[in-house]
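Below: one structure, written as structure tokens.
In what follows, every heavy atom counts, from backbone to side chain, and hydrogens, waters and symmetry copies are set aside. Worth saying up front: this structure is predicted, and the values here are computed from it rather than measured. In what follows, chains carry the letters A, B, and so on, assigned in the order in which the sequence lines appear, proteins first and then strands, with residues in each chain numbered from 1.
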Amino acid sequence: MNEEGEEGVAKSTQLSQSSQAPSFLRRLAGQSVHKAGLLPDQTEIQKRIAEVSRGTKHYENEKRRDKEWTERINKILERRDELLRTADIPRVEAKVDKIFAEMEAKRDLTQSIVHVDMDAFYANVEMLYNPDLAGKPFAVVGLGIVTTASYEARKYGARSGMPEFVAKALCKDLLIVPVDYKRVGEQSRKVMLVLRDYDPNMYIAGCDEAYLNLTTYLTDHNMKVEDCVQQLRDRVHKETGLTASAGIAPNVMLAKICSDRNKPNGQFHLPFNREDVLKFIHELPVRKVPYIGRVGERVLESIGIKTVGDIAKERAIIHLMPRRFAVDFLFSTYLGLGMSKLQSAQREERKSVGASRTFRPVDTEQAIWQKLEYIASLLERDLEAEGWTGKTVTLTFKLDTFQVFTRMKSFSRWISKKEDLFKIGKELLKPELPLRIRLLGLRVSNMKDLRAPEDQGIKKYFHSESEKDASGSPSKKKRKVEPEPEQRIHDVDSGTESATETIKDEETQEEEGEEPEHESQDSPVSLDLQICPICGREMRCNNATLNEHVDWCLSKGTIMDATSLRNDNVFSNSASAKGKGKRKAPG
DNA sequence: GCGGATCAC
DNA sequence: TATGGTGATCCGC
């Protein structure tokens with residue numbers, strides 16, 4: 001559903017920055033407007049959203065960011081025009097065609113990858129427990145934000161990610177249902193257990209979606225892929241009463257796009273041959289490609305690329321652009337290439353653990369420290385629960401203008417205690433005050449896994465060369481499925497050419513001398529090695545403990561942690577009066 | 001290593 | 001009246 005009114009912004013036409021600018025309206029409308037979306041009249045809805053939001057801090061912030069991008073895009077266009085004058089375009093095109101040929105040689109059409117995506121998951125789960133909701137427009141809401149809107153509500157423009165009050169403005173009779181993580185988690189677990197029968201190495205990408213490689217299963221059971229997927233979806237429905245959609249394709253990227261095709265309760269099989277793949281992908285609006293978001297879409301559109309097929313026309317420019325516009329990513333997308341093998345699920349190698357909360361803006365030191373201390377305690381809890389510690393602490397703060405800043409600091413010791421986190425956070429924030437703050441967050445990175453088998457130090461030297469990461473910790477099999485853009489499409493500034501070498505040489509091994517002694521397995525013999533179907537984490541425990549972990553794990557990936565609801569009152573008692581209206585923009 | 005920023009869910 | 005929380009990655013410096 002493409003409804004962009006104007007085209008050919010490609011000229012160096014400076015968009016005058018009115019608050020009616022289409023880019024701004026689209027930005028305001030949020031991120032999920034493009035999805036599964038037969039919206040009746042999108043521009044009308046976008047206008048309504050702007051109307052309702054006008055004058056809020058958030059609205060002003062979005063306007064500011066939109067304006068920044070307009071300026072950056074104007075620079076991109078200038079640069080492009082210069083290249084068109086000075087560069088030997090046909091020669092560059094020939095060069096790119098060679099790159100295409102090299103990429104083409106790596107095409108793999110042998111794997112049957114499936115992306116399974118539950119339909120309106122949170123909403124349909126609630127309908128299970130409350131059948132009266134059937135056929136009604138309702139939204140499942142947590143912390144004032146719509147997590148899922150029922151299909152009836154979507155007709156009015158209500159979408160996930162939208163604040164409740166906007167959704168209500170779009171849909172007068174909208175019913176609001178609070179998120180119930182217990183229910184969601186329970187159903188999610190049932191779904192995943194069914195899927196696991198078809199591929200024990202499946203990759204779970206959230207509580208309502210997963211990628212499977214069916215190749216082996218199809219051979220073993222002598223089945224056709226469509227039949228297998230149909231059966232799988234039937235089984236999910238039988239087990240849960242919920243419907244799922246699925247995409248069948250030779251790689252992860254295509255499967256993801258395909259699962260959207262016949263939603264809800266449908267499946268789409270992209271034929272496994274080059275011609276059909278190319279035809280399919282070339283017609284696609286770039287926004288449908290994973291990792292091309294609002295900003296990427298706008299940047300590409302500015303140089304005349306609206307569909308994936310358009311990438312070829314501008315291949316020379318893309319190749320010549322600063323940071324080359326994530327060339328490899330765009331080119332491989334143009335060819336419909338993507339990852340064809342899923343990595344087996346291993347104990348998750350986390351890179352960071354963090355906690356953050358939004359609250360009524362505060363500006364007194366006392367109030368700020370109180371919030372910070374609370375964040376520190378949340379983070380301590382999570383680090384403890386999951387068994388991680390780290391050497392780097394990052395503080396995030398969002399001003400009441402919605403501008404976000406971060407400050408970080410690394411240490412030679414392991415950080416995980418509340419007092420430590422609080423103190424470090426305070427040191428990072430203090431120099432920036434006074435500020436009026438609406439969100440605080442703390443995150444630790446540079447991690448060590450406290451639950452890894454104790455031979456961690458040894459294991460370091462045995463993992464494969466290619467899989468080292470920069471943190472100096474052993475990176476086991478990476479579970480990443482989605483091929484990520486190697487560079488971003490966005491950056492405009494600075495240097496043009498130069499292969500972006502990402503050669504990591506020997507990692508710096510400061511072996512930890514002080515291991516906070518936590519007894520490694522005390523009675524390992526009696527407990528089974530279990531694998532959480534949600535995060536893939538391995539642990540030795542009984543079934544009850546595993547179930548407990550699974551529930552907790554499911555609630556993590558979702559929009560918020562249920563415990564934050566209980567603790568919400570912590571934020572409502574901003575006791576003191578705030579006099580000053582000072583507003584410094586740090587940095 | 002630090003800080004800004006995008007993107008997915 | 002009013003716009004979440006978590007984690008990963010990338011870029012420039």
Interatomic distance, A/Lys256 NZ vs B/dA8 P [rounded to whole Å]: 8 Å

A/Glu68 side-chain proximity, nearest of C/dT6, B/dA5, B/dC9: B/dA5

A/Thr389 (side chain) donor-acceptor with A/Ile415 (main chain) under 3.5 angstrom: yes

Any donor-acceptor N or O pair under 3.5 Å, side chains A/Thr240, A/Arg189: no

Pairing of A/Glu51 and A/Arg48 as salt bridge, 4.0 angstrom limit: yes

Length of the CD1-C1' vector between A/Ile292 and C/dC10, whole Å: 15 Å

A/Tyr291 side chain, from C-beta outward: closest of B/dC7, C/dT3, B/dG1: B/dC7

Touch class at under 4.0 angstrom, heavy-atom based, for A/Gly296 against every strand present: sugar-phosphate

Closest listed nucleotide, where the reference is the side chain of A/Ile145 and the choices are C/dG4, B/dA5, C/dT6: C/dG4

Short side-chain N/O contact to C/dT6 OP1/OP2 from A/Ser352, under 4.0 Å: no

Other residues, nucleotides, ligands: >12 heavy atoms within 6.0 Å of A/Lys423 NZ: no

Selected nucleotide, minimal atom distance to A/Lys351 side chain, candidates C/dT9, B/dC2, B/dC7: C/dT9

Gap between atoms CZ and P, on A/Arg381 and C/dG5 respectively (whole Å): 13 Å

A/Thr358 vs C/dG5: side-chain N/O to OP1/OP2 distance below 4.0 Å: yes

Sugar-phosphate, base or nothing in reach of A/Gly293, heavy atoms under 4.0 Å: sugar-phosphate

Separation of atom CD in A/Glu164 from atom P in C/dA2, rounded to whole Å: 15 Å

Of the listed nucleotides C/dT3, B/dG3, B/dT6, the one nearest the side chain of A/Thr406: B/dG3

side-chain N/O A/Arg438 vs C/dG4 OP1/OP2, d < 4.0 Å: yes

Short side-chain N/O contact from A/Trp69 to OP1 or OP2 of B/dA5, under 4.0 Å: no

Member of A/Val114, A/Leu212, A/Ile204 meeting the side chain to side chain contact (heavy atoms under 4.5 Å, CB included) criterion with A/Leu195: A/Leu212

Residue A/Glu209, side-chain heavy atoms: nucleotide from C/dG5, B/dC9, C/dT3 that is nearest: B/dC9

N/O (side chain, A/Arg360) to phosphate O (OP1/OP2, C/dT1) under 4.0 Å: no

Presence of salt bridge, A/Arg26 and A/Glu297, under 4.0 angstrom: yes

Donor + acceptor pair across side chains of A/Asp117, A/Ser245 (<3.5 Å): no

Of the listed nucleotides B/dG3, C/dT3, B/dT6, the one nearest the side chain of A/Arg27: B/dT6

Aromatic ring pairing A/His58/A/Phe402, orientation class (parallel under 30°, perpendicular over 60°, tilted between): perpendicular

Sugar-phosphate only, base, or nothing, as touched by A/Arg443 at under 4.0 Å among non-hydrogen atoms: base

Nearest to side-chain heavy atoms of A/Arg407, which nucleotide of B/dC7, B/dG3, C/dT3: B/dG3

Spacing of A/Leu395 atom CG relative to B/dC2 atom C1', expressed in whole Å: 13 Å

Gap between atoms CE and C1', on A/Met408 and C/dT9 respectively (whole Å): 13 Å

Protein-nucleotide distance (A/Glu297, atom CD; B/dC7, atom P), rounded to Å: 10 Å

Spacing of the C1' atoms in C/dG4 and B/dC7 (rounded, Å): 15 Å

N or O in side chain of A/Asn446 less than 4.0 angstrom from B/dG1 OP1/OP2: yes

Nearest-nucleotide 5' precedence on DNA chain B, A/His115 against A/Leu428: A/Leu428

Under the 3.5 Å Watson-Crick or G-U criterion, the dot-bracket string of DNA chain B, with | for inter-strand pairs: |||||||||

Polar side-chain contact A/Ser53-C/dT3 base: donor and acceptor under 3.5 Å: yes

Atom-pair distance (CZ on A/Phe24; C1' on C/dT3), nearest Å: 13 Å

Any A/Ser356 side-chain N or O less than 4.0 Å from OP1/OP2 of C/dT6: yes

Minimum-distance nucleotide (side-chain atoms of A/Thr392 versus B/dT6, B/dC2, C/dT9): B/dC2

Parallel, tilted or perpendicular: rings of A/Phe405 and A/Phe397 (30°, 60°): parallel

Below 4.0 Å: OP1/OP2 of B/dA5 and any side-chain N or O of A/Arg65: no

Side-chain donor or acceptor of A/Ser53 paired with backbone N/O of A/Ile49 under 3.5 Å: yes

Closest listed nucleotide, where the reference is the side chain of A/Pro163 and the choices are B/dG1, C/dT9, C/dT3: C/dT3

